[in-house]
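Written below as structure tokens is the structure these notes are about.
Everything quoted here is computed from the prediction, not taken from an experiment. Numbers here are sequence positions counted from 1. Atoms within a ligand are numbered from 1 in the order they appear, just like the ligands themselves.
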Amino acid sequence: MRLLTLLKRIHKPVYTCSQPCLSSHASSGQLASGGQALISGSSRELVQSLVSQVEVRTAFISEEEEAALLRELEPGLKKKRYEYDHWDDAIHGYRETERVRWTTTCEEVLNRVRSVAFPEGSPLLGPVHVLDLDEKGYIKPHIDSVKFCGNTIAGLSLLSDCIMRLVKEDANNEWLDLMLPRRSLYIMRDQARYNFTHEILKDEDSVFNGQRVPRQRRISVICRNLPG
Ligand code: OGA
Ligand code: MN
């Protein structure tokens, strides 16, 4: 089965009525190099219970590596049109592709992602998933298919900062917001991957710890492993 067919299933949306707000006991985790928190959540306990399952690594790739990825991806993406208004889609304003073979620079970046994100020897989904959200695009809350993807999801963010929101599937007052700076890597595993929906906020909702995070066009490059 081609990855894109599979992604239709990965992307089956789960609609929740998540309305997280920054309550007085919102609490923060991992810090960026400048000291700002990259993870904010509904409670300190929740942040602490998930720190080992959610990671954000800032400046994971250099500007040159980002440019190399873009050079490789843009020609193929530009041939596609952004898709909007499919009511049953988990994603709005996007185009996507998959890629198996990469130039050396890009392959090195991806190997670095694989080596930090996945346990050694963990079988990976062969093709890497590339998702291009336009500036109006966003990803609705969903959980990646457990049938087709394993316990770990790792993604690079190119071109724009954004906010990824995790909301506990059976308790939507429990949530975590991740600030994903441009050129960062996020890793989501285990409970964070199975028991929480994840979404990428649209520009107008893009506020982290009270601070506005403008959302431009964003391309993610996502590696996944296979179910055990
Ligand atoms: C997905 C997804 C997140 C991202 O494609 O299933 O959740 O970083 N993508 O683009
Ligand atoms: Mn997903």
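Residue-ligand proximity: Met188 is placed with every non-hydrogen atom at 4.0 Å or more from ligand 1. For His142, the closest heavy-atom approach to ligand 1 falls below 4.0 Å.
Taking OH of Tyr186 as the reference point, atom CD of Glu55 lies at 13.0 Å (rounded to 0.5 Å). A distance of 4.5 Å separates CD of Glu83 from OH of Tyr94, quoted to the nearest 0.5 Å. Atom CD of Glu169 and atom OG1 of Thr197 lie 7.5 Å apart (nearest 0.5 Å).
Within the 4.0 Å heavy-atom criterion, the part of Ile222 lying near ligand 1 is the side chain and not the backbone. Neither the backbone nor the side chain of Glu199 comes within contact range of ligand 1; no heavy atom lies under 4.0 Å. When heavy-atom distances to ligand 1 are checked against a 4.0 Å cut-off, Leu133 has no atom that comes that close, whether in backbone or side chain. Only the side chain of Ile139 comes within 4.0 Å of ligand 1, judged by heavy-atom distances.
Counting only heavy atoms from C-beta outward, the side chains of His129 and Glu96 approach each other to under 4.5 Å.
The side chain to side chain contact (heavy atoms under 4.5 Å, CB included) check on Asn173 picks up Ala171, with sequence neighbours excluded.
Close approach of ligand 1 to His129 is summarised as follows: ligand atoms under 4.0 Å from at least one heavy atom of the residue are 5 (O). Close contacts of ligand 1 with Arg224, meaning ligand atoms under 4.0 Å from a residue heavy atom, involve 1 (C), 5 (O), 6 (O). Close approach of ligand 1 to Asp144 (heavy-atom distance below 4.0 Å) involves ligand atoms 6 (O). Interface atoms of ligand 1 facing Ser220, defined by a heavy-atom separation under 4.0 Å, are 4 (C), 8 (O), 10 (O). Atoms of ligand 1 lying under 4.0 Å from at least one heavy atom of Tyr186, given by number and element, are 3 (C), 4 (C), 8 (O).
Residues Arg217 and Asp132 are paired through a salt bridge, judged by an N-O separation under 4.0 Å between the basic side chain and the carboxylate. Salt-bridge formation is not detected for the pair Arg224/Glu98: no Lys NZ or Arg NE/NH1/NH2 atom is positioned less than 4.0 Å from an Asp or Glu carboxylate oxygen. A salt bridge links Glu107 to Arg114: at least one charged side-chain nitrogen sits closer than 4.0 Å to a carboxylate oxygen.
Within His142, the N, O or S atom at minimum distance from the Mn ion (ligand 2) carries the name NE2. As for Asp144, its N/O/S atom nearest the Mn ion (ligand 2) is the one called OD1.
The side chain to side chain donor-acceptor pair (under 3.5 Å) test with Asp203 is passed by exactly one of Lys136, Gln216, Arg212: Arg212.
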